Colleague: 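Below is one structure. I have some questions about it.
All values derive from a computational prediction rather than experimental measurement. In each ligand, atom 1 is the first atom listed, and ligand 1 is the first ligand listed.
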Amino acid sequence: MKKKTRLIHGGLFGDEATGAVSTPIYQVSTYKQQGVGVHKGYEYSRTGNPTRFALEELIKDLEGGERGFAFASGMAAITAVMMLFNKGDHILLTDDVYGGTFRVITKVLNRFGLEATFVDTSDLENVKKEIKPNTKAIYLETPTNPLLKISDIEAISGIAKEKGLLTIVDNTFSTPYWQTPIALGANIVLHSATKYIGGHSDVVAGLAVADSAALADELHFVQNSTGGILGPQDSWLLIRGIKTLGVRMEETENNAGKIVDFLQKHPAVTKVYYPGIASHPNHHIAKKQSGGFGGMISFDVGSAEKADQVFSKIKYFTLAESLGAVESLISIPARMTHASIPVERRAELGITEGLIRISVGLEDAEDLIEDLNQALEN
Ligand SMILES: *Cc1c(COP(=O)(O)O)cnc(C)c1O
């Protein structure tokens, strides 16, 4: 089955009982038992719900894993995966991970004795150097946010396997339409489904997929124990969003390519970050492991003042956090999504005051370029 077909025909068919082609929203908390412990596979909706299960089967199929899990947010999914580990375990993470991931690891999970080191995983030598006797997993985000750094999933999961470590990949930016980390050796894939998977700025959700039955059992145990599950309405919205994921990702890719060409030629732009640019340090890896470069572009306009000028003049890009929606969004990482990262650390990472991040939507590329052009003009 090809990718676009799987988006429509993966997972479960709508409703066998009535023939409805859309999965019903099972707005229910509990299920009648024929006798004590005798039931049709569902007992209580924290443990399992048919609408959520349809979504979990679909994301499992798309990522090519053993079992999928749906959570109330990307952070709930990430936190649940971290709860697979024990006090004193150590995790190696990509240094410019999503701000919320950095925060939960360094300000919440540290209280329970989970140790972590953040390194630039786009360089394999850093990964090898930082593995400790108590390291249990390597956690990658690729491409990263907002500098679009690329890590080699296949090479890193090879290093992890040799040492008996798990490889976990936050696949939010690429989606399974462009990148399937399990096929490259990863054990767990994570998503903020709030972004491209939902795709319409109308739902907050998280997904996880495990590559083995043993890992899936552990993750279901955590999901059921801690309870950060996705409700049936939001599960249904994600199933709906996924049906158009292919056309949305293709169109975003087309628009992003044109905007990158424009930004690279503009005199007010000092630097453009995009994995599709041939001079991007890991362009060849992006090309090898992903079918597309995605719709996220960052560019530097040199100063906070110039960035403010762009924000005050721009019309079609909405100033907002988040990404991956049909409408184009614009943000300034240093003051928005990455504000929770300490100033010194932001400077180390290269997240400057003039760095603007855009999430390219599905508007006409000509309108978007015209808009950026007038906003950048002196
Ligand atoms: C948004 C985001 C998250 C967090 O997801 P929420 O749905 O906001 O909880 C995690 N990782 C990445 C890459 C994200 O962009």
Colleague: Specify the protein heavy atom at minimum distance from atom 4 (C) of ligand 1: its residue, its atom name, and the distance to 0.1 Å.
Modeller: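 Nearest neighbour among protein heavy atoms for atom 4 (C) of ligand 1, to 0.1 Å: Tyr98 CE2, 3.3 Å.
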Colleague: Among all protein non-hydrogen atoms, which one is nearest to atom 1 (C) of ligand 1, and what is the separation to 0.1 Å?
Modeller: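 The answer is Lys195 NZ, 1.5 Å.
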Colleague: Applying a 4.0 Å heavy-atom criterion (strictly less than), which segment of Leu190 is in contact with ligand 1: side chain, backbone, both, or neither?
Modeller: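 For Leu190, there is no contact with ligand 1 at all, from either part.
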Colleague: Quick one: does Ala205 get a heavy atom under 4.0 Å from ligand 1?
Modeller: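 The answer is yes, since Ala205 has a heavy atom less than 4.0 Å from ligand 1.
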Colleague: Using a strict cut-off of 4.0 Å, indicate which atoms of ligand 1 neighbour a heavy atom of Ile78.
Modeller: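 Answer for ligand 1: 10 (C).
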Colleague: Just to verify, which of Arg346, Arg345, Lys149 counts as forming a salt bridge (charged side-chain N to carboxylate O under 4.0 Å, His left out) with Asp95?
Modeller: Lys149
Colleague: Between Glu125 and Lys129, is there a side-chain N and carboxylate O pair less than 4.0 Å apart?
Modeller: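 Lys129 and Glu125: not salt-bridged.
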Colleague: Does the distance from a Lys or Arg side-chain N to an Asp or Glu carboxylate O, for Lys288 and Asp152, drop under 4.0 Å?
Modeller: yes
Colleague: So, Arg335 and Asp308, do they make that salt bridge, N to O below 4.0 Å?
Modeller: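 Yes, charged N to carboxylate O under 4.0 Å.
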Colleague: Is any side-chain heavy atom of Met296 less than 4.5 Å from a side-chain heavy atom of Arg357?
Modeller: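 A side-chain contact exists here, since the closest heavy-atom pair is under 4.5 Å.
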Colleague: Just which atoms of ligand 1 are under 4.0 Å from any heavy atom in Ser73?
Modeller: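 What qualifies from ligand 1 is 7 (O), 9 (O).
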Colleague: Give the residue, atom name and distance (to 0.1 Å) of the protein heavy atom nearest atom 5 (O) of ligand 1.
Modeller: Ser192 OG, 2.9 Å
Colleague: Looking at ligand 1, does Thr337 have a heavy atom less than 4.0 Å from it?
Modeller: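 Contact absent.
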Colleague: Under a 4.0 angstrom heavy-atom cut-off, which atoms of ligand 1 come close to Glu141?
Modeller: 13 (C)
Colleague: With a 4.0 Å cut-off on N to O distance, would you call Lys271 and Asp300 a salt bridge?
Modeller: no
Colleague: Which residue holds the protein heavy atom closest to atom 7 (O) of ligand 1, what is that atom called, and what is the gap in Å?
Modeller: Thr194 OG1, 2.6 Å
